[in-house]
Visitor: 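The structure under discussion is supplied below as structure tokens; questions concerning it will follow.
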Amino acid sequence: MRAVGLTRSLPVDDPACLEDLDRPAPEPGPLDLVVRVAATSVNPVDAKQRMRAGSAGPPAEPVVLGYDAVGKVEAMGGEVSGFAVGDRVWYAGDIGRPGANAELQAVDHRIVARAPARLDDADAAVLPLTGLTAWEGLFDRLRVAEGGGAGRSLLIIGGAGGVGSIAIQIARRLTDLTVIATASRSETQAWCRELGAHDVVDHRDLVASCGAAGHTSVDLIFNAADTDAHWDAMVELIAPQGSICAIVGTRKPVDIAPLHRKSASFAWELMFTRPVFATPDIGRQGEILAGLADLVDAGTLVTTRRETLEGLTAATLRDAHARIESGRTIGKIAVVY
């Protein structure tokens, strides 16, 4: 089968950073679906994995990236239930297994759901990873109650990015929280407001900008951007007994001591935790994706796709990685095969 992958870690401007490959078609394990991938999207994790996977030397096998997918089931393992050949499905996959930058992908059926009928492949492909991250961050890590939150505030840092774009929608439509999002450019500010943010503030001077908008403190913070860069501001802004969740690992130690006086909590969110560790609740990801599909089909949530590229080629995916690394994308980039 055709695939795109890497054999060493190289900067995105090096034509060899991603290569066109011919790989063996996957065989399904007992719990697996084999999916013919129709579309994917590119996330910051793709660029990070490109630079990590071969950094210690050439991997034993080429590394195939891609952590979003929409496609149709072609084969199933003997212990699979709830799916049939021909089902159109969506998922984010498992960072420990070959990804979706390939014609065919094997994926544990417990982290898969049927794709929303309302969306075409490009519009659907941009939602699984970010939707899972936002859902887990808000409801599992920050412990927001669906339909709850009246009188409380939520600050989403990185509001115009892929995760922020769906987190704004989920928080605004499924809770009663006051939703504050960060964005610094006129077009990103407009995007956040269009998605439902009550207020938009500037992350470049977060404390002052929140204060000017009437938020001298916030009850909850969901950081979908740079944890290091915003740590001091988050510690200052978080309300007593508030909670912070971040999705990006730190590059250096951060001082959690100031959270003690406020009895404030901090949690990490990584949507790959359940599949990588095969946690007892791994099937929760399939359930979340099924719920997200229902919300999309009901018109409650909308796609966050802003750009579409075409072709399962190294050149196309290098282009997508370069756009992600620019730090100036709004919403998500889909790649249709």
Side-chain angles (χ1 to χ4, degrees), residues 126-127 130-131 133-227 229-230 233-248 262 264-267 269 291-292 295-296 298-306 329-332:
V126 301
L127 291 177
T130 56
T133 301
W135 190 283
E136 291 181 352
L138 293 173
F139 299 122
D140 293 351
R141 314 303 173 216
L142 292 175
R143 303 188 183 279
V144 176
E146 289 186 57
R152 306 184 76 204
S153 55
L154 167 70
L155 171 63
I156 299 173
I157 300 174
V163 174
S165 294
I166 192 67
I168 291 171
Q169 296 184 64
I170 291 171
R172 183 62 194 269
R173 290 161 178 77
L174 301 185
T175 79
D176 289 325
L177 292 164
T178 296
V179 180
I180 310 151
T182 72
S184 60
R185 293 176 280 147
S186 59
E187 60 268 34
T188 54
Q189 292 168 356
W191 173 251
C192 290
R193 291 191 178 94
E194 179 183 336
L195 294 175
H198 291 95
D199 290 314
V200 180
V201 298
D202 193 332
H203 62 265
R204 292 174 298 187
D205 192 349
L206 192 50
V207 173
S209 186
C210 281
H215 306 288
T216 54
S217 68
V218 291
D219 299 294
L220 304 166
I221 299 176
F222 183 42
N223 188 342
D226 188 326
T227 305
H230 300 295
M234 292 193 298
V235 167
E236 184 170 345
L237 283 168
I238 196 66
Q241 303 185 90
S243 298
I244 301 169
C245 175
I247 70 170
V248 177
K262 294 183 176 182
S265 63
F266 176 79
E269 160 55 24
L292 289 170
L295 290 166
V296 169
T300 304
L301 303 178
V302 300
T303 185
T304 56
R305 180 186 62 84
R306 288 291 296 264
T329 56
I330 302 174
K332 293 290 297 293

Visitor: Can you tell me how far CG of Asp199 sits from NE2 of His215, rounded to the nearest 0.5 angstrom?
Guide: 3.5 Å
Visitor: Does any non-hydrogen side-chain atom of Thr133 lie less than 4.5 Å from one of Ile166?
Guide: no
Visitor: Which residues pass the side-chain contact (heavy atoms from CB on, under 4.5 Å) test with Ser209, sequence neighbours left out?
Guide: Val201, Asp202
Visitor: Is the shortest heavy-atom distance from the side chain of Asn223 to the side chain of Phe266 under 4.5 Å?
Guide: no
Visitor: So, for Lys262 and Glu236, which heavy atoms are closest and what is the spacing to 0.1 Å?
Guide: NZ-O, 3.1 Å
Visitor: Please step through side chain to side chain contact (heavy atoms under 4.5 Å, CB included) for the pair Trp135 and Leu174, ending with a clear verdict.
Guide: CA-CA 11 Å; Trp135 190 283; Leu174 301 185; 3.5 Å; yes
Visitor: Which heavy atom in Ala171 sits nearest to a heavy atom in Val179, and how many Å separate them?
Guide: CB-CG2, 3.8 Å
Visitor: Over all heavy atoms of both residues, which pair between Ala181 and Gly159 is shortest? Give the atoms and the distance, please.
Guide: CB-CA, 4.2 Å
Visitor: Look at the side chain of His198 and the backbone N and O of Ile180, then say whether any donor-acceptor pair between them is shorter than 3.5 Å.
Guide: no
Visitor: Taking side chain as C-beta onward, heavy atoms only, is Ile157 less than 4.5 Å from Met234?
Guide: yes
Visitor: Taking all non-hydrogen atoms of both residues into account, name the closest pair between Gly196 and Arg172 and its distance.
Guide: O-NH1, 2.6 Å
Visitor: Atom CZ of residue position Arg143 - does it have more than 12 heavy atoms of other residues, nucleotides or ligands inside 6.0 Å?
Guide: no
Visitor: Is the backbone of Asp219 close enough, under 3.5 Å, to the side chain of Ser153 for a donor and an acceptor to pair up by distance?
Guide: yes
Visitor: Tell me the closest heavy-atom pair linking Ile168 and Ala197, and the distance in Å.
Guide: CG2-N, 3.6 Å
Visitor: Run the side chain to side chain contact (heavy atoms under 4.5 Å, CB included) check on His203 and Asp226 step by step: do they pass?
Guide: CA-CA 10 Å; His203 62 265; Asp226 188 326; over 6 Å; no
Visitor: Start with the C-alpha distance between Leu127 and Leu292, add both sets of side-chain angles, then the distance that settles side chain to side chain contact (heavy atoms under 4.5 Å, CB included), and finish with yes or no.
Guide: CA-CA 9 Å; Leu127 291 177; Leu292 289 170; over 6 Å; no
Visitor: Kindly indicate whether the side chain of Ile170, heavy atoms from C-beta on, has any atom under 4.5 Å from the side chain of Leu301.
Guide: yes
Visitor: Any side-chain heavy-atom pair from Leu295 and Gln169 closer than 4.5 angstrom?
Guide: no
Visitor: Does the Arg141 side chain pair with the main chain of Cys245, one donor and one acceptor, at a distance under 3.5 Å?
Guide: no
Visitor: Using a 4.5 Å cut-off on heavy atoms from C-beta on, say whether the side chain of Leu138 contacts that of Leu154.
Guide: yes
Visitor: To check you understand the geometry: which heavy-atom pair defines the closest contact between Gly158 and Ala225, and what is its length?
Guide: CA-CB, 4.1 Å
Visitor: Find out whether Thr130 and Ser165 are in side-chain contact, i.e. whether some heavy atom of one side chain is under 4.5 Å from a heavy atom of the other.
Guide: no
Visitor: Measuring only between side-chain heavy atoms, which start at C-beta, is Ile247 closer than 4.5 Å to Val163?
Guide: yes
Visitor: Is there a donor-acceptor pair under 3.5 Å between the side chain of Lys332 and the backbone N or O of Thr303?
Guide: no
Visitor: Does any pair with a residue in residues 187-198 pass salt bridge (charged side-chain N to carboxylate O under 4.0 Å, His left out), and if so which ones, sequence neighbours excluded?
Guide: Arg185-Glu187
Visitor: Please check if the side chain of Thr227 supplies one atom and the backbone of Val248 the other of a donor-acceptor pair under 3.5 Å.
Guide: yes
